[in-house]
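Input: a single structure, listed below in structure tokens.
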Amino acid sequence: MSIKRRVLMIGGTVACALGTGYLMQSGSDAAAPLYARAPQAIQQSVAAPSGASDVDDFALFNVEGITLTSALPERTAPRRLPEPMLESAGETPDPANGIILPDTPRDPVAPKLGCDVTARAEPAPMASVDLSVTAPCFGNQRVTIHHSGLVFTDTTDEAGELSVTVPALSDRAVFVVAFASGKGAVAMANVPDLSRFERVALQWSGADGLQIHAREFGAGYGEQGHVWHDAANGQGHVLRLGAADTLAPQLVEVYTFPLGGTDRSGTIDLTVEAEVTSTNCGRDISAQSLELRGAAPLRTRDLILSMPGCDATGDFLVLNNLMEDLKIAAK
């Protein structure tokens with residue numbers, strides 16, 4: 001990250017909207033002037049904690065024939081036409097011409113020809129899961145992955161395969177894999193070491209990226225302990241999930257901190273950044289944060305970020321307090 005870029009500082013708090021100005025920050029140590037602009041609204045709502053998600057409930061069923069409301073449109077089952085009445089002699093009368101036609105044999109049931117979609121989930125380091133998808137008839141196709149409220153889209157390779165490592169949000173991690181056709185699969189893995197990690201995630205729709213930035217134990221931008229998806233300079237780690245070049249992409253960033261991996265006590269400052277681009281300037285970005293802290297249930301916040309006008313293209317919006325800072329005690 002370049003520390004010489006202009007940064008638009010905005011502070012946000014839960015369940016409120018704040019009016020702010022823009023802080024134009026240069027790379028020098030001189031005091032930066034404050035330029036007043038129109039207030040930008042940050043709308044948030046906090047979802048009540050819940051038990052197992054509706055995605056987890058799909059683990060006991062075959063995905064085909066189940067409508068995933070977050071990914072697939074509703075479909076109406078086709079009407080079944082009544083079977084024609086057949087003569088006992090195996091011939092079908094033709095009343096219009098007064099002749100008897102030979103009965104046409106029924107078409108055999110079409111074989112699946114190896115088009116089954118399968119998914120496999122295996123425990124991985126850092127309380128994660130290695131998810132493998134095999135779909136021979138769905139090469140180079142968009143696929144949506146659901147896990148405990150986490151949703152992202154990716155693309156299979158030419159052979160219809162996809163492998164991705166997903167940070168778990170449940171110790172009984174259930175994954176639903178869904179293609180646009182309705183085909184899909186379910187996989188599950190146990191993650192017994194999940195309680196040893198603090199984890200926060202941010203997900204949004206659209207190719208324009210948001211970013212989680214973690215500054216561990218007082219680290220400044222660009223210093224040791226500043227962690228984001230392009231820099232692993234600390235004890236924690238940020239992983240980005242999803243393919244931005246899919247149709248209607250859904251992307252995720254997840255920050256994970258190992259509780260047993262430090263002998264330090266202190267705070268990890270969490271901020272969210274959004275670059276102002278020609279495609280998102282003057283628009284609203286819908287996002288959601290998911291926070292898993294210790295033994296507490298998974299907590300979610302729905303966010304709507306009002307981006308500045310297009311004259312701010314190239315700037316970065318820094319959003320404070322959208323995620324609660326992590327309090328770390330030495331082990």
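FYI, side chains are in, hydrogens and waters are out, and symmetry mates aren't considered; it's all heavy atoms of this structure.
Under the 4.5 Å side-chain criterion, counting only non-hydrogen atoms from C-beta, Ser132 is not in contact with Asp130. Contact check for Asp154 versus Thr144: no side-chain heavy atoms found under the 4.5 Å cut-off. Proximity of Val254 to Pro167: side-chain heavy atoms (C-beta onward) are separated by under 4.5 Å at one or more points. When side chains are defined from C-beta on, Met323 does not count as touching Thr271, because their heavy atoms never get closer than 4.5 Å. In this structure, the side chains of Leu150 and Leu290 come closer than 4.5 Å at one or more pairs of heavy atoms.
No donor-acceptor pair closer than 3.5 Å links the side chain of Asp193 to the backbone N or O of Arg196. Under a 3.5 Å cut-off, the side chain of Thr300 and the backbone N or O of Ser289 do not form any donor-acceptor pair.
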Starting from the C-alpha separation in whole Å, work towards a yes-or-no answer on side chain to side chain donor-acceptor pair (under 3.5 Å) for His213 and Gln211.
CA-CA 6 Å; His213 286 256; Gln211 302 171 0; 2.8 Å; yes

Any chance you could lay out the side-chain contact (heavy atoms from CB on, under 4.5 Å) test for Val252 and Leu202, step after step, and finish with the verdict?
CA-CA 6 Å; Val252 176; Leu202 181 70; over 6 Å; no

Using the rule given for side-chain contact (heavy atoms from CB on, under 4.5 Å), can you reason through Val200 versus Leu270, listing the C-alpha separation, both sets of side-chain angles and the distance that settles it, and then say yes or no?
CA-CA 9 Å; Val200 295; Leu270 297 174; 4.0 Å; yes

Decide yes or no on side-chain contact (heavy atoms from CB on, under 4.5 Å) for Phe257 and Gln235, but give the supporting numbers first.
CA-CA 7 Å; Phe257 185 86; Gln235 298 180 52; 3.8 Å; yes

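Tyr255 is linked by a ring-ring contact (aromatic ring centres under 6.0 Å, His included) to nothing, counting only residues two or more places apart in sequence or in another chain. With sequence neighbours excluded, the residues forming a side-chain contact (heavy atoms from CB on, under 4.5 Å) with Ala231 are Trp228, Asn233, listed by chain and number. Judged as a salt bridge (Lys or Arg N to Asp or Glu O under 4.0 Å), and not counting sequence neighbours, the contacts of Glu291 are Arg293, Arg299, Arg301. For Asp269, the side-chain contact (heavy atoms from CB on, under 4.5 Å) partners two or more places apart in sequence, or in a different chain, are Arg215, Thr267, Asp325. Under the side-chain hydrogen bond (donor to acceptor under 3.5 Å, both in side chains) criterion, Glu161 pairs with no residue, sequence neighbours left out. Every residue two or more places apart in sequence or in another chain that forms a side-chain contact (heavy atoms from CB on, under 4.5 Å) with Thr277 is listed here: Asp208, Glu275, Thr279, Asn280. For Thr256, the side-chain hydrogen bond (donor to acceptor under 3.5 Å, both in side chains) partners two or more places apart in sequence, or in a different chain, are Arg199. Arg120 pairs by the side-chain hydrogen bond (donor to acceptor under 3.5 Å, both in side chains) definition with Glu122, not counting sequence neighbours. Partners of Asn190 according to the side-chain hydrogen bond (donor to acceptor under 3.5 Å, both in side chains) rule, which considers only residues two or more places apart in sequence or in another chain, do not exist here.
A donor-acceptor pair shorter than 3.5 Å can be found between the side chains of Gln288 and Asp302.
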Donor-acceptor pairs are to be reported for all side-chain atoms of residues 236-247 against protein atoms at under 3.5 Å, with residues two or more places apart or in another chain.
residue: Arg240; atom: NE; partner: Glu253; partner atom: OE2; Å: 3.0
residue: Arg240; atom: NH2; partner: Leu210; partner atom: O; Å: 2.8
residue: Arg240; atom: NH2; partner: Glu253; partner atom: OE2; Å: 2.7
residue: Thr246; atom: OG1; partner: Thr153; partner atom: OG1; Å: 3.2
residue: Thr246; atom: OG1; partner: Ala243; partner atom: O; Å: 3.1

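For residues 229-238, the set of pairs meeting the salt bridge (Lys or Arg N to Asp or Glu O under 4.0 Å) definition, not counting sequence neighbours, is empty. Judged as a ring pair (Phe, Tyr, Trp, His ring centres under 6.0 Å), not a single pair has a partner in residues 280-302 (not counting sequence neighbours).
Pairing each heavy atom of Met307 with each of Ala274, the nearest pair is CE-CB, 4.1 Å. When all heavy atoms of Leu131 and Ala187 are compared, the pair lying nearest together is CD1-CB, 4.3 Å. Summarising the geometry of Ser278 relative to Thr313, their closest heavy-atom pair is N-CG2, 4.0 Å, with the distance given to 0.1 Å. Residues Ala135 and Val117 approach most closely at CB-CG2, 3.9 Å, considering heavy atoms. Across all non-hydrogen atoms, the minimal contact from Ala119 to Val177 is CB-CG2, 4.1 Å. Here the closest non-hydrogen pair linking Asn140 and Thr156 is N-OG1, 3.1 Å.
Note: Ser286 OG to Leu303 CG = 9.0 Å, rounded to the nearest 0.5 Å. Residue Gln250 holds its CD atom at 11.5 Å from CH2 of Trp204, rounded to the nearest 0.5 Å.
Each of Val129, Val186, Val164, Val133 was scored for a side chain to side chain contact (heavy atoms under 4.5 Å, CB included) with Phe175, with one residue passing: Val129.
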